[in-house]
Amino acid sequence: MINNEGVANIFNEIADILELKGENRFQINAFRKAARTIDGLLEDISVVAGDGRLKELPGIGEGIAKKIIELLEGGKLKHHEELKNSIPSGLLEMIKIQGLGPKKVYKLHEALGIEDIEALKAAAEDKKLRGLSGFGAKTEENILKGISQYRRNIERVPLGIAMLYAESIVANLKDIESVSEITYAGSLRRMRETIGDIDILVSSLDPGDVIDFFTGLKCVTDVLARGDTKSSVIMNDLQVDLRVVKPDSFGAALQYFTGSKEHNVRLRDLAIRKGLKINEYGVYRGDKKIAGDSEDGIYRSVGLGYISPEMREDRGEIEAAINEDLPKLIELGDIRGDLHIHTDYSDGKRSIKEMVRAAKSRGYEYIVISDHSPAVAIASGPSREDLKKQMKVIKNLNKDSDGFRIFASTEVDIKPDSSLDFDDEILSELDIVVAAVHSKFSMDEDDMTDRILSAIENPNVDIIAHPTGRLLGKRDPYKVDMKRIIGAAKRTNTVLELNASPRRLDLNDMHCKQASESGVKIAISTDSHDIYQMAFMKYGIGTARRAWLKKEDVVNTKPLKSLMKFFEIE
DNA sequence: GCCGTTTTCGGCCCGACTGTTTTCAGTCG
């Protein structure tokens with residue numbers, strides 16, 4: 001059975017082919033919009049179709065609804081098959097090359113019979129492109145550059161890495177005299193889990209000065225574009241776009257360059273209906289500028305409350321704003337403790353005392369010491385006896401802790417046979433039990449789901465850590481039926497973790513939203529193995545805000561007393 | 001192909017940069 005992603009991919013491919021053939025661009029947008037709707041859907045598209053609700057979805061009307069049903073029934077779409085057969089498949093790959101779009105690719109195919117990237121490369125090297133109108137020597141050079149870049153496969157980088165680069169660029173440009181405001185924007189500001197390129201926005205009355213400094217930075221390896229107010233460069237194998245605007249447009253530009261594109265299209269559409277026009281300089285009624293210096297003002301001008309960057313994905317936030325129903329999102333300052341911490345009892349780098357001190361300096365009221373159980377051999381976690389000793393040490397530390405509380409715990413391994421790595425007797429003595437999968441990730445979906453469910457069903461287990469096991473860019477999530485996990489977690493009052501480590505961010509934003517909408521409580525934990533990693537909490541908060549989580553949805557916003565009540569700790 | 005507190009027809013976001021052109025098309029975000 002085809003899933004949501006499969007249907008979305010087919011509609012996107014239809015849009016690509018129609019674009020190559022130069023068909024009506026609004027029809028093309030309609031397919032893309034439908035694809036986006038389906039891709040972002042929390043429900044299974046087959047369920048929506050079964051209920052006859054397809055046409056209630058935004059961007060899905062009579063024609064596309066029929067196509068979805070055809071796909072669900074037969075796994076194929078006649079319209080799609082016909083389109084695919086009408087062009088060489090290599091053209092679809094060619095449009096992915098930077099600087100090449102559908103028009104140029106189709107022209108290359110029509111005029112020179114070029115059908116794939118290999119042929120394109122050969123033709124460009126033989127200087128055969130420059131004869132075509134619209135193509136010159138520079139175009140050939142750029143195409144070859146684009147091909148080698150495409151082949152190097154510049155991938156999206158994890159949020160945590162991109163954030164470090166962005167913060168250092170911001171720090172560098174801040175000192176330029178004409179710069180009055182500077183920040184990063186784009187998907188980084190929306191705290192997406194991976195980042196394709198870094199967007200930096202600056203307000204200055206002397207754009208040339210800023211652009212000069214930016215393109216001259218030592219770490220810049222290639223300048224892709226350099227205009228009067230805008231420039232793109234490559235540094236650290238990552239594209240960085242800089243835009244400079246005047247201060248009275250900073251809010252409008254920040255709104256615009258934060259995106260997402262889908263969110264902005266919706267916002268501009270709304271503005272048009274109200275007789276307004278939004279661009280990156282401001283909001284205009286006729287020639288009169290009515291907003292621009294602040295982001296808040298942009299939203300107010302179209303009658304909406306302020307929508308936080310993390311929500312701007314066209315996943316219902318515009319509707320929520322129209323209905324004055326925007327959630328008050330959780331903030332970093334709401335966090336009162338960390339519920340997943342490692343120490344030198346297993347593979348952590350620091351002692352319990354050191355981790356406690358770091359937690360206190362962050363203003364926390366409690367932490368959970370959850371070292372690995374022995375089955376995770378590489379972490380050389382405490383044996384049953386050593387865990388008992390650790391519990392005693394914690395008990396003593398708690399005696400003179402001026403109100404701060406250390407909770408004894410374990411990150412007990414859920415073994416491939418579904419059993420836990422510690423017996424129920426010792427688990428029941430711990431304050432909190434965190435359980436997680438660390439091995440045999442390749443199980444099929446039913447077995448893996450059953451494996452995790454059996455941990456959820458154990459009354460001693462309080463929290464399931466990193467529930468899908470993914471490592472961003474390194475290891476795919478294991479296959480698991482999240483609906484069953486969420487259902488069981490709700491029924492047993494088991495907490496699901498949002499692991500804040502930027503290499504995990506697991507649960508992801510969509511699963512988190514799903515879980516919390518089903519009434520499951522979330523723990524945002526850093527899984528720290530060293531002091532500095534406790535700062536990862538901000539990435540967890542970012543993901544939580546993308547999931548529309550409120551303070552009440554997250555257990556570690558509770559003050560000490562009510563947290564103890566929640567976990568039934570003496 | 002979708003959609004409607006102007007509309008069931010006629011709209012559909014907007015502007016910068018590049019490279020090719022002699023005023024603009026294509027691409028990108």
Side-chain angles (χ1 to χ4, degrees), chain A residues 11 14-15 18-20 22-37 54-68 79 94-108 129-143 145-146 185-188 190 196-201 207 211 215 223-233 239-245 249 252-253 255-284 298 302-303 314 322:
Chain A
F11 286 154
I14 290 176
L18 291 174
E19 209 167 14
L20 272 168
E23 300 288 340
N24 178 296
R25 67 194 166 102
F26 302 111
Q27 185 187 1
I28 293 163
N29 280 342
F31 277 108
R32 291 209 200 284
K33 182 170 184 180
R36 222 167 48 231
T37 295
L54 282 176
K55 288 206 285 181
E56 290 170 25
L57 300 174
I60 294 178
E62 192 73 42
I64 289 188
K66 269 193 191 146
K67 289 185 165 64
I68 292 171
H79 183 55
M94 283 165 65
I95 52 176
K96 290 181 189 155
I97 291 166
Q98 172 116 281
L100 269 188
K103 293 272 162 44
K104 284 199 165 125
V105 166
Y106 202 68
K107 193 173 217 174
L108 288 165
L129 307 186
R130 59 186 62 176
L132 288 177
S133 77
F135 289 74
K138 192 80 194 205
T139 318
E140 281 170 350
E141 196 182 305
N142 283 341
I143 285 174
K145 210 152 102 180
S187 53
L188 194 61
R190 303 199 312 278
D197 52 36
I198 295 175
D199 295 295
I200 306 284
L201 181 68
I211 303 259
T215 52
V223 178
L224 302 175
R226 189 197 182 294
D228 295 335
T229 63
K230 200 175 156 178
S231 170
S232 295
V233 304
Q239 182 169 329
V240 184
D241 297 335
L242 174 76
R243 180 68 194 263
V244 190
V245 296
S249 291
Q255 195 290 317
Y256 178 65
F257 287 105
T258 297
S260 66
K261 191 180 166 192
E262 292 76 18
H263 173 88
N264 286 352
V265 168
R266 287 293 311 279
L267 196 67
R268 287 176 182 210
D269 191 49
L270 203 65
I272 290 170
R273 285 166 209 277
K274 291 181 184 282
L276 303 171
K277 187 180 89 163
I278 302 183
N279 59 27
E280 60 257 59
Y281 301 109
V283 182
Y284 299 84
I298 305 298
V302 289
D314 190 21
I322 290 171

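Keep in mind that what you see is a predicted model, and the values were worked out from it rather than measured. We name chains A, B, ... by the order of the sequence lines, and we start the count at 1 in each one. Reckoned from all heavy atoms, side chains included, excluding hydrogens, waters and symmetry mates.
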Specify the separation, in whole Å, of atom CD of E140(A) and atom C1' of dG19(B).
13 Å
Give me the residues of residues 27-36 of chain A where at least one heavy atom lies under 4.0 Å from an atom of DNA chain B, by number, or none.
Q27(A), A30(A), F31(A)
Do S187(A) side-chain atoms and R190(A) backbone N/O form a donor-acceptor pair below 3.5 Å?
no
Considering only atom P, compute the distance from dC28(B) to dT20(B) and round it to an integer number of Å.
15 Å
Rounded to whole angstrom, note down the P distance from dC3(B) over to dC13(B).
14 Å
Between dT8(B) atom C1' and E62(A) atom CD, what is the distance in whole Å?
14 Å
Tabulate protein N/O versus nucleotide N/O from nucleotides 26-29 of chain B, keeping only pairs under 3.5 Å, one per line.
from: dT27(B); atom 1: OP1; to: G101(A); atom 2: N; distance (Å): 2.6
from: dT27(B); atom 1: OP1; to: G101(A); atom 2: O; distance (Å): 2.9
from: dT27(B); atom 1: OP1; to: K104(A); atom 2: N; distance (Å): 2.9
from: dT27(B); atom 1: OP2; to: K103(A); atom 2: N; distance (Å): 3.1
from: dT27(B); atom 1: O5'; to: G101(A); atom 2: N; distance (Å): 3.4
from: dC28(B); atom 1: OP1; to: G99(A); atom 2: N; distance (Å): 2.6
from: dG29(B); atom 1: N2; to: Y256(A); atom 2: OH; distance (Å): 2.3
from: dG29(B); atom 1: N3; to: Y256(A); atom 2: OH; distance (Å): 3.3

Return yes if some donor-acceptor pair links the side-chain N/O of Q239(A) with the main-chain N/O of S232(A) below 3.5 Å, else return no.
no
D228(A) CG - dG15(B) P separation (whole Å):
17 Å
What integer number of Å spans the C1' atoms of dT5(B) and dG1(B)?
24 Å
Starting from P on dC2(B), measure out to CG on L54(A) and report it in whole angstrom.
11 Å
Is the backbone of P58(A) close enough, under 3.5 Å, to the side chain of T37(A) for a donor and an acceptor to pair up by distance?
yes
Mind calculating the distance between NZ (K274(A)) and C1' (dT6(B)) to the nearest angstrom?
14 Å
